[in-house]
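Hydrogens, waters and symmetry mates play no part in the numbers below; they use all other heavy atoms, side chains included. Computed from a predicted structure; not experimentally measured.
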Number of protein chains: 2
Amino acid sequence: MAATARGREEALPALAEVFREHGYEGASLFLISQATGLGKGSLYHFFPGGKAEMAAAVVAEIDAWFERHVFAALRDTRRPREDIAAMLEAVDQYFGTGRRVCLVGLFALGDARDAFTREVHAYFARWVGALADALVRSGNGRAAATALAEETVGAIQGAIVLTRALDDPGIFGRALQRLRSRLGLERR
Amino acid sequence: MAATARGREEALPALAEVFREHGYEGASLFLISQATGLGKGSLYHFFPGGKAEMAAAVVAEIDAWFERHVFAALRDTRRPREDIAAMLEAVDQYFGTGRRVCLVGLFALGDARDAFTREVHAYFARWVGALADALVRSGNGRAAATALAEETVGAIQGAIVLTRALDDPGIFGRALQRLRSRLGLERR
DNA sequence: GCCACTTTGTACTGTTCGGTACAGAGCGAC
DNA sequence: GTCGCTCTGTACCGAACAGTACAAAGTGGC
């Protein structure tokens, strides 16, 4: 955590963690400085726009990560079932079985809503869209696929809330298992 | 919103709205003063413990409201199907078809986690528990009932996130409709 | 070794924060 | 009226805030 970042890119993971833990308002420059190991001088050198630019950079990186590792494969998949299963696996890893907050979801609930409406909207629209595409390819009708995709992404977000509220990662695991069965990914 | 509150109780709704809109850290005393129509003097007269006491009072009121209007009926119901349906209806109203944030869910994600872990845990545990009770009474086994209850509460929380992210209340409505069908509440 | 450029620590700015102090306004009881 | 009590506006406090200025420390090319 305090393993002194050397540049803008290296600082992003620690930065993301601070925003996840404390929200946008709660993430003070002191906390950010501590977490990244960078002094104010360096922080403002790398992010002249201050906190807002830091948060934007974090959101952009998360967005890019999901695009690369999750969404892209779903859109043009030739093996929809395998790729959807891989998506759930990646989600399980990424969100630490529900212990780790989804920063974009947190921003959606209002923490920095006005500032990042666009980015938040784009992230979830692409997630739902890509998943719906994969579900169409796996044999669902367009409407059913969209409904299933909405249900899946919603269930993941809700499971994060419940897991953290009740402090029980079992909730997240069970939610993923239900989704696997509902998406027809059960080994047969 | 700015309709000057006259006492502690009257101030709670406006207070809750500020915390919902801006989160715990983001709700400054200036915003609170504006929203309630109360000056600092009055605020500290009614809530000597400051912001923390205000947030605690709001959470307690929300908790009491759900206990009275949602949880109680579910626990000892003799008409589980009707009472579960009524619960979904109340939820739809309360959360403004997904436009209104669940403050307890927001706190669960971290906005004021440390300060309200107990309250957040109790709220969701009682919600899931009461719903599971009703589902047992409507003929489900204990395990299936708990799983369904977890799924339902999670789906509601997730639908709030998605609805706000994509700015489309249809998402919340469709989620509730799916839940009705899954909980066996469809008119037959 | 010297130069140009990037990176950093530190001291500082003005502002806003949560919270306090307190005088006085309002207002029923008698 | 006037007493006692609840309530409220205002001025104020120290601390923490985001952001700036800038000199010094590094660093790679030559």
Side-chain angles (χ1 to χ4, degrees), chain A residues 1-60 103 106-107 110-116, chain B residues 1-60 103 106-107 110-116:
Chain A
M1 197 74 76
T4 314
R6 288 166 198 184
R8 193 186 147 104
E9 298 306 314
E10 287 97 324
L12 289 179
L15 217 34
E17 218 49 42
V18 181
F19 283 120
R20 258 191 273 267
E21 287 296 311
H22 301 90
Y24 183 78
E25 300 286 352
S28 69
L29 284 189
F30 172 75
L31 285 172
I32 291 172
S33 176
Q34 261 196 327
T36 56
L38 293 171
K40 275 191 179 185
S42 310
L43 284 173
Y44 274 87
H45 175 70
F46 294 129
F47 305 95
K51 227 169 95 165
E53 187 175 342
M54 297 178 206
V58 165
V59 169
L103 186 61
L106 180 58
F107 281 6
D111 197 68
R113 193 167 28 99
D114 298 341
F116 297 104
Chain B
M1 197 71 75
T4 314
R6 287 163 198 187
R8 190 186 148 105
E9 299 306 313
E10 287 96 326
L12 288 180
L15 217 34
E17 218 49 43
V18 181
F19 283 120
R20 259 191 272 267
E21 286 296 311
H22 301 90
Y24 183 79
E25 300 285 352
S28 69
L29 285 189
F30 172 75
L31 285 172
I32 291 172
S33 176
Q34 262 197 326
T36 57
L38 293 172
K40 274 190 179 187
S42 310
L43 284 172
Y44 273 87
H45 175 70
F46 294 129
F47 306 94
K51 225 169 95 166
E53 187 176 341
M54 298 179 206
V58 165
V59 169
L103 186 61
L106 179 57
F107 281 7
D111 196 69
R113 193 166 28 98
D114 298 342
F116 298 103

Problem set entry | Whole-Å distance separating the OH atom of Y44(B) from the P atom of dC13(D) | 17 Å
Exercise. Between dA18(D) atom P and I32(A) atom CD1, what is the distance in whole Å?
Worked result: 7 Å
Exercise. Who pairs with E53(B) by salt bridge (Lys or Arg N to Asp or Glu O under 4.0 Å), at least two apart in sequence or on another chain?
Worked result: R8(B)
For this session: Calculate the interatomic distance between E10(A) atom CD and dT6(C) atom P; express it in whole Å.
Result: 17 Å
Exercise. A57(A) and L12(A): which non-hydrogen atoms are nearest, and at how many Å?
Worked result: CB-CD2, 3.8 Å
For this session: For dT8(D), take OP1 and OP2 only and decide whether either is under 4.0 Å from a side-chain N or O of H45(B).
Result: no
For this session: For L43(B) and dT20(C), give me the distance from atom CG to atom P, rounded to whole Å.
Result: 13 Å
Exercise. Is there a donor-acceptor pair closer than 3.5 Å between any side-chain N or O of T36(A) and the backbone N or O of I32(A)?
Worked result: yes
Exercise. In degrees, rounded to 10°, what is the bend between the two ends of the helix from dG1(C)-dC30(D) to dC30(C)-dG1(D), using five pairs at each?
Worked result: 10°
Identify all pairs in which a protein N or O lies below 3.5 Å from an N or O of nucleotides 9-17 of chain C, and state each distance.
{"from": "dG9(C)", "atom 1": "OP2", "to": "G39(A)", "atom 2": "N", "distance (Å)": "3.4"}

Problem set entry | Atom pair CG/CD of L15(B) and E17(B) - distance to nearest 0.5 Å | 10.5 Å
Exercise. So L106(A) and L106(B), side-chain contact (heavy atoms from CB on, under 4.5 Å) or not? Walk me through it.
Worked result: CA-CA 8 Å; L106(A) 180 58; L106(B) 179 57; 4.2 Å; yes
Exercise. Where does the angle between the aromatic ring planes of F116(B) and F107(B) fall among parallel (under 30°), tilted (30 to 60°) and perpendicular (over 60°)?
Worked result: parallel
Problem set entry | Atom-to-atom span, CE of M54(A) to P of dA18(D) - whole angstrom | 9 Å
Problem set entry | Donor-acceptor contact present, side-chain K40(A) to main-chain F30(A), <3.5 Å | no
For this session: Verify side-chain contact (heavy atoms from CB on, under 4.5 Å) between F46(A) and L38(A), making sure each step is shown before the conclusion.
Result: CA-CA 10 Å; F46(A) 294 129; L38(A) 293 171; 4.2 Å; yes
